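Letters A, B, ... mirror the listed sequences (proteins, then strands); counts begin at 1. Predicted model only: the values in this text are computed from it and were never measured.
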There are 2 protein chains.
Amino acid sequence: MSVSRTATDGAKTQRGSRKEAEDAGIELGELSEMLGYPLKRAQLKIFEDFLRCMAPLQLTPAQFSVLLLLERNPGRNQTEIASTLGILRPNFVAMLDGLESRELCSRVRSANDRRSHHLVLTDKGRAALARAKKLAAKHEARLNELLGPANRTALVAMLTKVADEF
Amino acid sequence: MSVSRTATDGAKTQRGSRKEAEDAGIELGELSEMLGYPLKRAQLKIFEDFLRCMAPLQLTPAQFSVLLLLERNPGRNQTEIASTLGILRPNFVAMLDGLESRELCSRVRSANDRRSHHLVLTDKGRAALARAKKLAAKHEARLNELLGPANRTALVAMLTKVADEF
DNA sequence: TATTGTTATACTCTATAACTATA
DNA sequence: TATAGTTATAGAGTATAACAATA
């Protein structure tokens, strides 16, 4: 497996697909039958499209997921939010700095335990998240079109099973 | 979305899952219904397990996919192999250096066009690939156990569709 | 002594520009 | 001039160790 590529801006970069150019009929062979290869390619495509949809709000998938978690779980500390998302605490610091400097969330020193910060969405953060959800919904709707609602649900269920139980 | 973590060695690192520790019942909310989140988590799990299975051969998913492509498409040049896998040519150089220094493949200057290299597996590379395929088969077999063969096939088909058509 | 947030740091991936040698 | 391979480099993302403040 391999598969790479990013799309921060809207511009198309090169593409590893057999559509574009002169791959001149290279055979993928057993690669296409293994789960990992299409899984990675699909993940890149999805994130790419998510970024495009989210461009007006300038939110990455990771940032969006943090805002969602803060909305659903206000007042949690950094360790809790970071570990839930599989982000290491040291790496979460700069990420929060970014969100906080854009005034989308804020750190509030806990009264009980003055080591930890309660994390909360600001009003601006709540507003941005509301808009972001609508943009994300369009993204998901396009997937429903491509796969059909039942298949999309089944796909999410299988991926969740793999993520949780494999 | 977010989701991270790597597993180069066999050791367990921390985990973002709701199993391990004191996430103290944090709600994922709509995150679990979006495709991107479980997609990324599943991809990480799969690659992690692939690495574990491949540990005796010390092959990454990307390296394995290159060897597979060389076997199926001997004599292609770097540009062709790299672009098929979505690897940028500059980044493919070091990767090939690694495989070549382990004598798994070799670059052969083309007689027609002395700018390009025909890439071919060495005998050692063919042998390593044969072993690697067996280890990869175990990995895929475990997935078949988890999902059932029909579901696994459907999963691969849907991911391929997303990767190709979304 | 343990934990929270943090800094520093390093390593891998991915991306772009520009060089060289050929064509 | 264009292309193949390459170098240099920069930016994300991810990983670990260690420190200060607090418990």
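In this structure, the separation between CD1 on A:Ile26 and CG on B:Asn73 is 5.0 Å, given to the nearest 0.5 Å. Taking CG of A:Asp164 as the start and CZ of B:Arg41 as the end, the distance is 7.5 Å to the nearest 0.5 Å. In this structure, B:Cys105 SG and B:Leu99 CG are separated by 5.0 Å, a value rounded to the nearest 0.5 Å. Considering CG of B:Leu147 and CZ of B:Arg142, their distance stands at 11.0 Å, rounded to 0.5 Å.
The distance between atom CZ of A:Arg89 and atom C1' of D:dA17, rounded to the nearest whole Å, is 13 Å. Straight-line distance from the NE2 atom of B:His117 to the C1' atom of C:dA21: 10 Å, rounded to whole Å. Rounded to whole angstrom, the span from the NE2 atom of A:His118 across to the P atom of D:dT22 amounts to 15 Å. One interatomic measurement links the two molecules: CD of A:Gln78 to P of D:dT22, which rounds to 15 Å at whole-angstrom precision. A straight line from CG of A:Leu51 to C1' of D:dA12 spans 12 Å, rounded to a whole angstrom. The separation between A:Arg76 atom CZ and C:dG5 atom C1' is 18 Å, rounded to whole Å. Protein atom CG of A:Leu88 is 15 Å distant from nucleotide atom C1' of D:dA18, rounded to whole Å. In this structure, the CG atom of A:Leu96 is 13 Å from the C1' atom of C:dT4, given to the nearest Å.
Less than 4.0 Å separates DNA chain D from at least one heavy atom of each of the following residues of residues 107-116 of chain A: A:Asn112, A:Asp113, A:Arg114, A:Arg115.
Contact of the B:Gln63 side chain with the B:Gln58 side chain is not registered, since no non-hydrogen atoms from C-beta on lie closer than 4.5 Å. Looking at heavy atoms from C-beta onward, A:Arg102 lies in side-chain contact with A:Leu59 at the 4.5 angstrom threshold.
Nearest to the side chain of B:Asn91, among C:dT14, D:dT6, C:dG5, sits C:dT14. When distances are taken from the side chain of A:Pro90 to each of C:dG5, C:dA8, D:dT7, the shortest belongs to C:dA8.
Contact check, B:Thr79 against D:dT3: no side-chain N or O comes under 4.0 Å of OP1 or OP2.
Secondary-structure annotation of DNA chain C gives the stems C:1-23 with D:1-23, with a stem taken as at least 3 successive Watson-Crick or G-U pairs whose two distances both fall under 3.5 Å.
Nucleic acid contact class of B:Asn77 (heavy atoms, under 4.0 Å, all strands): sugar-phosphate only.
Both B:Leu146 and B:Met158 belong to a single network of hydrophobic side chains, linked directly or stepwise wherever heavy atoms of I, L, V, M, F, W or Y lie under 4.5 Å apart.
Of all the heavy atoms in A:Arg52 and A:Pro56, the pair that sits closest is O-CD, 4.2 Å.
With respect to A:Arg107, the side-chain hydrogen bond (donor to acceptor under 3.5 Å, both in side chains) criterion is satisfied by exactly one of A:His118, A:Gln78, A:His117: A:Gln78.
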